[in-house]
There are 2 protein chains.
Amino acid sequence: MNNENYQPGLSIDCVIFGFHDNQLKILLIKTPYEDKWSLPDGFIPINEDIDTAAVTVLNERTGIEGIFLRQFATFGRVKRNDQHFGNAVLEHFKIPKEVGKWFTQRFVTIGYYALVDFLKAIPQKENSREIIEWIDHKEVPELILDHREILDKALNTLRIELNLMPIGYNLLPEKFTMPELQKLYETILDKKLDRRNFLRKINNIGILNKLDEKKSNVAHKAPNLYTFDKDKYEEVLKNGLNQGW
Amino acid sequence: MNNENYQPGLSIDCVIFGFHDNQLKILLIKTPYEDKWSLPDGFIPINEDIDTAAVTVLNERTGIEGIFLRQFATFGRVKRNDQHFGNAVLEHFKIPKEVGKWFTQRFVTIGYYALVDFLKAIPQKENSREIIEWIDHKEVPELILDHREILDKALNTLRIELNLMPIGYNLLPEKFTMPELQKLYETILDKKLDRRNFLRKINNIGILNKLDEKKSNVAHKAPNLYTFDKDKYEEVLKNGLNQGW
DNA sequence: TTTAATTGTGTTATTATGACGCAATGTAAT
DNA sequence: ATTACATTGCGTCATAATAACACAATTAAA
């Protein structure tokens with residue numbers, strides 16, 4: 001890394017959400033130098049928009065393109081990366097002292113969250129020794145720096161957006177069942193919803209196509225499959241729902 | 001300004017909202033070197049949290065403390081400050097070439113918006129030749145850089161927050177009338193609301209105290225005065241309204 | 001064949017919303 | 001003083017959205 005080519009003191013952290021086994025998953029990276037995990041991050045090339053830099057991180061880490069990506073907050077407490085890249089870390093990465101200075105400066109980080117199709121997004125290692133995994137959001141281990149705060153804020157933003165926008169299109173596979181969609185909502189909101197009221201409400205939004213097809217290989221009664229109506233989805237995404245006033 | 005004491009390539013822009021004469025106002029500064037206006041801005045001391053730096057800008061520019069302040073987005077297109085601090089500008093400020101380099105670097109800016117009591121916030125000049133004024137949001141002149149985009153984004157955020165939170169407490173004087181509050185909502189949302197339905201809905205939130213007092217010196221029938229019930233306001237602010245799901 | 005879990009499709013009561021009516025109040029014109 | 005007019009205060013009514021709940025149909029497993 002040539003320090004001159006990157007915006008100094010600025011980084012990007014991505015909270016990448018997936019949904020699998022009826023659980024919300026987050027893509028995390030194990031740090032090689034301590035027993036903590038980290039959000040996928042990156043720096044900002046001096047000649048790249050910050051949004052573009054975030055897209056780069058996502059492409060690199062998931063292997064897929066055209067991801068739903070949204071900036072949600074910027075974190076800039078002075079103490080947030082205090083001592084993070086200490087001498088031990090610099091040594092671990094065999095970073096020379098003069099270059100190390102770039103890492104130990106104060107960093108402000110811009111938070112993005114992404115919604116991806118779990119089955120299409122394959123965690124990509126940057127090197128063979130790296131560990132990158134989908135982790136259930138209920139089982140997130142200790143994270144470095146303020147990454148826990150960033151994650152919580154991302155989830156909270158998603159919770160609010162859920163009330164304003166039709167989420168799900170990006171997190172679910174093309175064909176999905178109503179119980180799956182409901183479970184997604186319940187997981188994000190962290191509360192139980194009435195099955196029948198949920199169906200009515202989601203139908204009233206008018207973005208779903210009910211297929212003439214049922215899910216196979218399931219216990220109990222086979223639920224119907226649905227797809228999103230892309231056109232109507234886009235329209236609602238623009239105008240929003242639950243306007244309030 | 002000693003460049004070493006500030007976070008490089010990062011700035012803060014504040015959209016300061018006030019409400020007066022039934023109109024939404026924005027605090028703007030006339031640039032001395034071209035015929036455009038600017039949002040109040042500032043840099044980030046290397047040893048200060050970004051939120052603190054934003055508070056500083058607000059205190060300096062309005063003369064009041066304890067302001068309602070919220071970060072809403074970060075802007076980082078490469079071209080956003082292209083050529084802004086050109087040689088002409090550096091010359092105008094009599095900035096030496098080597099220091100000027102600091103100003104001509106690429107800048108990412110963090111946007112904050114603030115809600116203030118128009119009558120208490122007195123625009124503060126940094127020097128005697130500076131022009132700083134409240135400008136009606138319908139009459140905002142051409143702004144420098146991407147400040148128009150930042151302003152629009154701030155207003156849009158406010159519009160969304162209006163659906164989630166009880167806004168008004170910070171923008172209105174202690175005692176206000178129902179038509180004033182309604183006009184505030186109409187201005188932010190840019191649409192007409194039914195007077196009677198508005199009253200019912202705002203009353204159902206339960207954050208207003210109806211005073212035994214009427215506004216004086218008004219044309220036509222004197223409207224009643226209200227205050228916010230601070231405790232209930234704080235409670236609703238925490239839990240939000242219009243939950244949706 | 002029975003059991004248990006789950007899905008599909010309703011009903012009903014309550015609350016929220018949108019559209020509107022009309023009398024009371026206070027200023028300004030006659 | 002009387003009248004006209006804009007505005008406020010307090011309603012109604014029809015409709016839509018929401019919460020709570022009932023019951024039959026389906027399917028794997030006991």
Side-chain angles (χ1 to χ4, degrees), chain A residues 21-23 162-166 168 172 175-187 189-227 236 239-245, chain B residues 21-23 162-166 168 172 175-187 189-227 236 239-245:
Chain A
D21 281 340
N22 276 346
Q23 293 297 331
L162 200 62
N163 290 330
L164 305 174
M165 297 296 169
L172 292 170
K175 296 178 181 181
F176 55 92
T177 67
M178 198 53 75
E180 283 167 359
L181 183 60
Q182 182 181 339
K183 191 71 194 175
L184 171 59
Y185 273 69
E186 289 181 338
T187 305
L189 295 169
D190 195 27
K191 73 173 173 190
K192 278 270 170 203
L193 299 173
D194 183 274
R195 190 169 55 88
R196 297 147 291 189
N197 293 337
F198 179 81
L199 173 70
R200 177 159 34 90
K201 195 161 171 179
I202 214 86
N203 271 334
N204 280 343
I205 300 175
I207 52 173
L208 295 188
N209 292 322
K210 186 174 181 176
L211 301 180
D212 201 18
E213 192 178 348
K214 287 180 191 307
K215 194 174 174 87
S216 51
N217 295 325
V218 288
H220 315 299
K221 181 172 180 176
N224 217 299
L225 285 170
Y226 290 81
T227 58
V236 177
N239 302 329
L241 36 99
N242 288 325
Q243 294 295 10
W245 289 96
Chain B
D21 281 340
N22 275 346
Q23 293 296 330
L162 200 62
N163 289 330
L164 305 173
M165 298 294 168
L172 293 170
K175 296 178 183 180
F176 56 91
T177 68
M178 197 53 75
E180 282 166 359
L181 183 60
Q182 182 180 340
K183 191 71 192 174
L184 171 59
Y185 273 68
E186 290 181 338
T187 305
L189 295 170
D190 195 27
K191 72 174 173 191
K192 278 270 170 203
L193 299 174
D194 183 274
R195 190 170 54 87
R196 296 148 290 189
N197 293 338
F198 179 81
L199 174 68
R200 183 183 38 193
K201 197 161 172 179
I202 212 86
N203 270 335
N204 280 342
I205 299 174
I207 53 173
L208 295 188
N209 293 321
K210 185 174 180 176
L211 302 179
D212 202 18
E213 192 178 349
K214 288 179 191 306
K215 194 174 173 86
S216 52
N217 295 324
V218 289
H220 314 300
K221 181 171 181 176
N224 218 299
L225 286 170
Y226 289 81
T227 58
V236 178
N239 302 328
L241 36 99
N242 287 326
Q243 294 294 11
W245 288 96

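Just so we're on the same page: letters track the sequence lines, and every chain starts at 1.
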Can you give the donor-acceptor pairs under 3.5 Å from side chains of residues 201-216 of chain A to other protein atoms, not counting sequence neighbours?
| unit_1 | atom_1 | unit_2 | atom_2 | d |
| --- | --- | --- | --- | --- |
| A/Lys201 | NZ | B/Gly244 | O | 2.2 |
| A/Asn203 | ND2 | A/Leu199 | O | 3.4 |
| A/Glu213 | OE1 | A/Lys175 | NZ | 3.1 |
| A/Glu213 | OE2 | A/Lys175 | NZ | 3.4 |
| A/Lys215 | NZ | A/Glu180 | OE2 | 3.1 |

Atom-pair distance (CG on A/Leu241; P on D/dA17), nearest Å | 12 Å
Separation between CG (B/Leu184) and CG (B/Leu189), nearest 0.5 Å, reads 9.0 Å
Below 4.0 Å: OP1/OP2 of C/dT6 and any side-chain N or O of A/Lys215 = no
In whole angstroms, the gap separating C1' of D/dG9 from CE of B/Met178 amounts to 11 Å
Which part of the nucleic acid, if any, lies within reach of A/Asn224 when heavy atoms closer than 4.0 Å are counted: base, sugar-phosphate only, or nothing?
-> sugar-phosphate
Provide, to the nearest angstrom, the distance between the CG atom belonging to B/Asp212 and the P atom belonging to D/dG9.
-> 13 Å
Got a second to check how far A/Leu172's CG is from A/Lys183's NZ, nearest 0.5 Å?
-> 13.5 Å
Compare the minimum distances between each of C/dG8, D/dG11, D/dT27 and the side chain of A/Ala222, then state the nucleotide with the smallest one.
-> D/dT27
Could you state the atom-to-atom distance from CG of A/Asp194 to P of D/dA17 in whole Å?
-> 18 Å
Ignoring backbone atoms, test whether A/Lys201 places a side-chain nitrogen or oxygen under 4.0 Å from the OP1 or OP2 oxygen of D/dT18.
-> yes
In whole Å, what is the span from the CG atom of B/Leu199 to the C1' atom of D/dC10?
-> 8 Å
Under 4.0 Å between a side-chain N/O of A/Lys214 and OP1 or OP2 of C/dT6, yes or no?
-> no
The answer to which of A/Ala219 and B/His220 contacts DNA chain D further toward the 5' end, by nearest nucleotide, is B/His220
Rounded to the nearest angstrom, tell me the gap between atom NZ in A/Lys191 and atom C1' in D/dA19.
-> 12 Å
For atom CZ of A/Phe198 and atom P of C/dG10, their distance in whole Å | 19 Å
Atom CG of B/Asn204 to atom P of D/dT18: distance rounded to whole Å?
-> 16 Å
Of B/Trp245 and B/Arg200, the one whose nearest nucleotide on DNA chain D sits closer to the 5' end is B/Arg200
So CZ of A/Arg200 and CG of A/Asp194: to nearest 0.5 Å the spacing works out to 8.5 Å
Look at the side chain of B/Lys221 and the base of D/dT7, then say whether one donor and one acceptor between them are separated by less than 3.5 Å.
-> no
Quiz item: A/Asn197 side-chain donor-acceptor pair to D/dA20 base, under 3.5 Å = yes
Options C/dT9, D/dC10, D/dC21, nucleotide nearest the side-chain atoms of A/Arg195 | C/dT9
Report, one line per pair, each donor and acceptor closer than 3.5 Å where one atom sits in a side chain of residues 218-227 of chain B; sequence neighbours left out.
none

Measure from the side-chain heavy atoms of B/Pro179 and tell me the nearest of D/dT18, D/dT8, C/dT7.
-> D/dT8
Can you find a donor-acceptor N/O pair under 3.5 angstrom joining the side chain of B/Arg196 to the base of C/dG18?
-> no
